[in-house]
Structure formats: C-alpha cells, structure tokens
Chemist: 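Shown below is the structure under consideration.
Lettering of chains follows the sequences in order, A, B, ..., and the numbering in each one begins at 1. FYI, side chains are in, hydrogens and waters are out, and symmetry mates aren't considered; it's all heavy atoms of this structure.
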Protein chains: 2
Amino acid sequence: MRILVVEDDVNLNRQLSDALKESGYVVDQAFDGEEGHYLGETEPYDAVILDIGLPQMDGITVVEKWREAGKGMPVLMLTARDRWSDKVSGIDAGADDYVAKPFHVEEVLARVRALIRRAAGHSSSEIICGPVRLDTKASKASVDGIQLKLTSHEFRLLSYLMHHMGQVVSRTELVEHMYDQDFDRDSNTIEVFVGRLRKKIGVDLIETVRGLGYRMQAPNDAH
Amino acid sequence: MRILVVEDDVNLNRQLSDALKESGYVVDQAFDGEEGHYLGETEPYDAVILDIGLPQMDGITVVEKWREAGKGMPVLMLTARDRWSDKVSGIDAGADDYVAKPFHVEEVLARVRALIRRAAGHSSSEIICGPVRLDTKASKASVDGIQLKLTSHEFRLLSYLMHHMGQVVSRTELVEHMYDQDFDRDSNTIEVFVGRLRKKIGVDLIETVRGLGYRMQAPNDAH
DNA sequence: CTTCGACCACGAGAATACGCATGAAACTGT
DNA sequence: ACAGTTTCATGCGTATTCTCGTGGTCGAAG
C-alpha cells in the first residue's frame, strides 16, 4: 500500500511518514500544495494524508482538483484547530475523513487503515481468505492460525492482493503500489516475490492469470 | 436512503433523526444496544449512526457483531469527547467513521453523505447474457454459475461481445479492439477464437451474421 | 430446385510468448 | 563485516496463439 503525505511542517511530515513506514506502507512525501497535487494526480496512491493549510495551494483546493480530475483515492485531512466549518467544507469538497490537530499518531494510523480497507470494500480490520488471515491492525499475517514470517515486500504483496481479493491484479499495478516513485519496470521481481509468497502461504491461493496478472482467492473451484 | 440512529439520549436521538429526515432520508430509531443491533441485523440500512456508550450492549460490540455476521453497511460512531482509545478501537472494530461529542449536526450530515457516497461506489460491475455472467472487475466469467477458464484473448472477445449485446460486431471491429495497432488482416484468428468461445459457453449464444460479423444474444428466438 | 461461389467452422501442428525456478550478485541495516 | 533481504539474468517447460488446409454451410441466381 502506497501513501502520500502532504504536510508543510517538516517534523510532523517525517513523524507521520516514519510511523506509516513502520506499519509497512510505502510513503511519498510532499511539502506544499502544488507538489502534493501533482503527485496525487500522477501516481496511484491507496490513501493520502493532506494538511488543510499549505503553502502554494490549500488542502481543500487540492482535493477539489483531484476529484474534478476523477481521482477517487481516499483522503484524510488534517485540520488546524477545531474549525468545524473547515471540516464540513473539506468533507463536502471530497475528503473522506479528517483529524484535528493536535492528534495522536495512533489515531491517524487507525483512520488510514480504515480508509484503505473501506476503499477495498472490507468492513473489518481482519481480512480472511481461506486459511490466510491478514491483520491490518497489527500488520501481521497467519496461515491456519500459525504466524507467518514475511519480509516487508512479501507482506506488502500479500496485503495488496488480499485487499483486492477476487480481482485480477496486474504486475504493473503491484509494482506501483509496492514501490515509491522511481523503479525499474522491466524486471521479474514481482514474479520472484509471488513465487516466494506462494511457498509460504500455499500454492493454490494465488492464481496466475496468464497475460493479465494474479488473482488471490480461496481455492474451492475444481474447474 | 434508509438510516438507523442508535442513541440512548432521547433528545439527541430526536435531534439527529429530525435533521436527517429534513435532508430526505428515511430514519429508524433505537434507544439501546440490543434494539439497535437487532434492527441493524434484520433491516437493510444504507448507513447507521451509532453511539458508543449504550445500555445493554455498547457500540463497539454492536459493530463487531454486525461485521461478524457479514453486515457491511457504513457505520458512523458517536464517541464521548477525548476518549482517544475508544475511537481507535471503534474504527478497528469495523466502524467507518466517528464524530466526537459534542458535535454540530451539520457535521454529522456531511459525514453521512460522504459514507453513502463511498458505499455507492462499490456496486459490482456485471453483465449478464442468458446463462453467461461477465464480471469485468474480476476478469471472470461463468456459465450457469460455474467458473469458466478463459485465455486472455478469449476473455477479451467475450467482453467485447457482451458489451455490445444484440449488435452485430464485424470482424475488423473485433480485431481493432482485441489487438493494439497493426495486425495481419488476412487471417482467420477471429473465427478460431469465436469457435473456441462457442465451445466453452455454448454454441447458441454467439450468432454468426453471414457477411457482416457476429452477434451475441440470449437464445430464445424461435426463428 | 439446383448449382455455384463466397463465406465460415474446425482440427492439428508450428511458432511464440509467458511465467517460473534458480542461483549469483547487490544491497541494506545492525 | 555479516546476515537477511532484494534484485537481476538465465534457461526451461508449457499454455496460448497463429497458420493453414479441408470440408461444410449459406444464399442468390439461373
């Protein structure tokens, strides 16, 4: 899962980004409205954390522009004080949620989790696919009840696949959501990781759809 | 749009319900956790507003039970002020959003709007033609409920035909949509693929219109 | 009603593209 | 410097796609 943090306060930005990375997300940072807007429009993020008060272009304008351009990713707004009118207009402009400063980082993390899982159409913080269980809250996964030991990229791969269960996920889509900005596209890294994941969670769970990508699904189709 | 309000404070409950009705929603009211849980499990709501502190059963438990039972409707939680940990656990239990008391009714309305808007984006994209079902989002197709195993070109062909159901689709049109750029015109690949598709989904569904192309249609023509 | 020509279906093999395993090399943080 | 992790290159096996040839079907015209 790839997240964009747009916040001009350098310290706060780093604090948030670090916490997110710790939870296993890939994070891009922006420090003013224009940079943030540009990134959000060109890169595919699973969620955006957006300060409302920003140099160059304020947060509300940024969201509005994204929504006009058809970008639908979930946006969590950071509002300065208890300016509740800001919150309302932010939400109506297209933001999906807000947190008032000052906030606990834990809370922001919980809200980001909720936004991402809601965007994927899941209602609880645990996603279950056959014997595999993904605990988004703790960033852990298990098979048949026993904990998995996954490397960070393996976890990101599993997480993305499980958030898009039943759907075919292309290689490029995976690359875009597992890595930040620049990454050499032609390589078989994804295949390698899929292979390693399959070895750990069982080979039947990730189906390969030739020419399109991969699909995660509980294996009950004998067909 | 039908909304459930679960709140034990009679005044607050009425206040919210009135505001919602004013906005054009249909509103049901509940005044304790058990009643709320029962209603939410038996009636189909588009959104629920749920107080966290309730008699009989607290809000977090209510959400958890709903989620376990597979109920996925968006839930907006009302939390007592400053109970930061409550918010986090509420969100992780499966609530989609929360508002801290005391709140402005305007704000609750904005959030309900946002929740419903989000939920609407998850209607599944399926095309059905007789016994054939095509799920474009998952890149899957089935006949009489059983999964089809289609290759990527077969799927593309089926997809195009089903998107133009009832219309005659010419060979060149198909070629142009199944292949990027240039393609050797003198070849009968399309015919080959139509043949293979017919073998998999049943021969009656794709009618050949001599001299023009193919037409997909549910087979009920006594002709 | 028959015949003719164009159009289409289908099978089987050849050519290709694709995904996978593997192991070595490069990288990372401790 | 070391152990764990990630990246890259190679070659192989196979599913998929394409080509080709034959025979069948349809429709119009005589």
Chemist: Of the options D/dC8, C/dG11, D/dT5, whose atoms approach the side-chain atoms of B/K199 most closely?
Modeler: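 Out of D/dC8, C/dG11, D/dT5, the nucleotide with an atom closest to B/K199's side chain is C/dG11.
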Chemist: Quick one: is A/S187 getting a side-chain N or O under 4.0 Å of the D/dC8 phosphate, OP1 or OP2?
Modeler: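 Answer is yes, contact under 4.0 Å.
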Chemist: What nucleotide, of D/dC18, D/dC8, D/dT7, holds the atom closest to the side chain of A/N188?
Modeler: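 Side chain of A/N188 sits closest to D/dC8.
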Chemist: Looking at C/dA6, does its base get a donor-acceptor pair with the side chain of B/R210 below 3.5 Å?
Modeler: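 Check passes, donor-acceptor contact within cut-off.
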Chemist: Which whole-number value in Å describes the distance from B/E191 CD to D/dG24 C1'?
Modeler: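 After rounding, the reported distance stands at 13 Å.
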Chemist: What integer distance in Å separates B/E154:CD from D/dA15:C1'?
Modeler: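 Nearest whole value for this atom pair: 11 Å.
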Chemist: Between the side chains of A/Y160 and A/D46, is a donor N or O closer than 3.5 angstrom to an acceptor N or O?
Modeler: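 There is no such pair between these side chains.
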Chemist: Can you measure B/F193 atom CZ to C/dG11 atom C1' for me and round it to whole angstrom units?
Modeler: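 Checked: the CZ to C1' distance equals 15 Å.
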Chemist: Taking the six-membered ring for Trp, are A/H153 and A/F193 parallel (under 30°), tilted (30 to 60°) or perpendicular (over 60°)?
Modeler: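 Tilted: the ring planes of A/H153 and A/F193 meet at 30° to 60°.
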Chemist: Is the shortest side-chain N/O distance from A/T151 to OP1 or OP2 of D/dT6 below 4.0 Å?
Modeler: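 It does, given that an N or O in the side chain of A/T151 lies less than 4.0 Å from OP1 or OP2 of D/dT6.
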Chemist: Base, sugar-phosphate, or nothing: which does B/R196 touch, judged by heavy atoms less than 4.0 Å apart?
Modeler: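 Base, at least one base atom sits under 4.0 Å.
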Chemist: Quick one: sort the B/H164 and B/H177 rings into parallel, tilted or perpendicular, breaks at 30° and 60°.
Modeler: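 Because their plane-to-plane angle lies in the 30° to 60° range, the rings of B/H164 and B/H177 count as tilted.
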Chemist: Between C/dC8, C/dG19, D/dT6, spot the one nearest the side chain of A/S152, thanks.
Modeler: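 The answer is D/dT6.
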Chemist: Taking atom P of C/dT28 as reference, at what distance in whole Å does atom OH of A/Y179 sit?
Modeler: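 My rounded result for the distance is 13 Å.
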Chemist: The side chain of B/K149 lies closest to which of these nucleotides: D/dT19, D/dT16, D/dT6?
Modeler: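 Closest of the options to the side chain of B/K149: D/dT16.
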Chemist: To the nearest Å, how far apart are A/I190 CD1 and D/dT7 P?
Modeler: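 One finds 8 Å between P of D/dT7 and CD1 of A/I190, rounded.
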Chemist: Could you state the CZ-C1' distance from B/R198 to C/dG11, rounded to the nearest angstrom?
Modeler: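 In whole Å, C/dG11 C1' and B/R198 CZ are 16 Å from each other.
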Chemist: Between CG of A/L161 and CE of A/M165, what distance do you get to the nearest 0.5 Å?
Modeler: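 A/L161 CG to A/M165 CE: 10.0 Å, rounded to 0.5 Å.
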Chemist: If you check the B/H153 side chain, which of D/dT17, C/dA21, C/dT22 turns out closest?
Modeler: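 Nucleotide nearest to B/H153's side chain: D/dT17.
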Chemist: To the nearest Å, how far apart are B/I206 CD1 and C/dA9 P?
Modeler: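 Whole-Å distance recorded here is 10 Å.
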Chemist: Could you tell me how far apart A/F155 (CZ) and D/dT5 (P) are, to the nearest whole angstrom?
Modeler: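 Going from A/F155 (CZ) to D/dT5 (P), I get 15 Å.
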Chemist: Any side-chain N or O of A/Y214 under 4.0 Å from OP1/OP2 of C/dC20?
Modeler: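 Answer yes for this pair, as a side-chain N or O of A/Y214 is under 4.0 Å from OP1 or OP2.
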Chemist: If you round to the nearest 0.5 Å, how far is OG1 of B/T79 from CG of B/D51?
Modeler: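 The distance works out to 8.5 Å.
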Chemist: Which is true for B/R171 with a 4.0 Å heavy-atom rule: it touches a base, it touches only sugar-phosphate, or it touches nothing?
Modeler: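 If one applies the 4.0 Å heavy-atom cut-off, B/R171 turns out to touch the sugar-phosphate alone, with no base involved.
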Chemist: At under 4.0 Å between heavy atoms, what does B/V194 touch on the DNA or RNA strands: base, sugar-phosphate, or nothing?
Modeler: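 Touches nothing.
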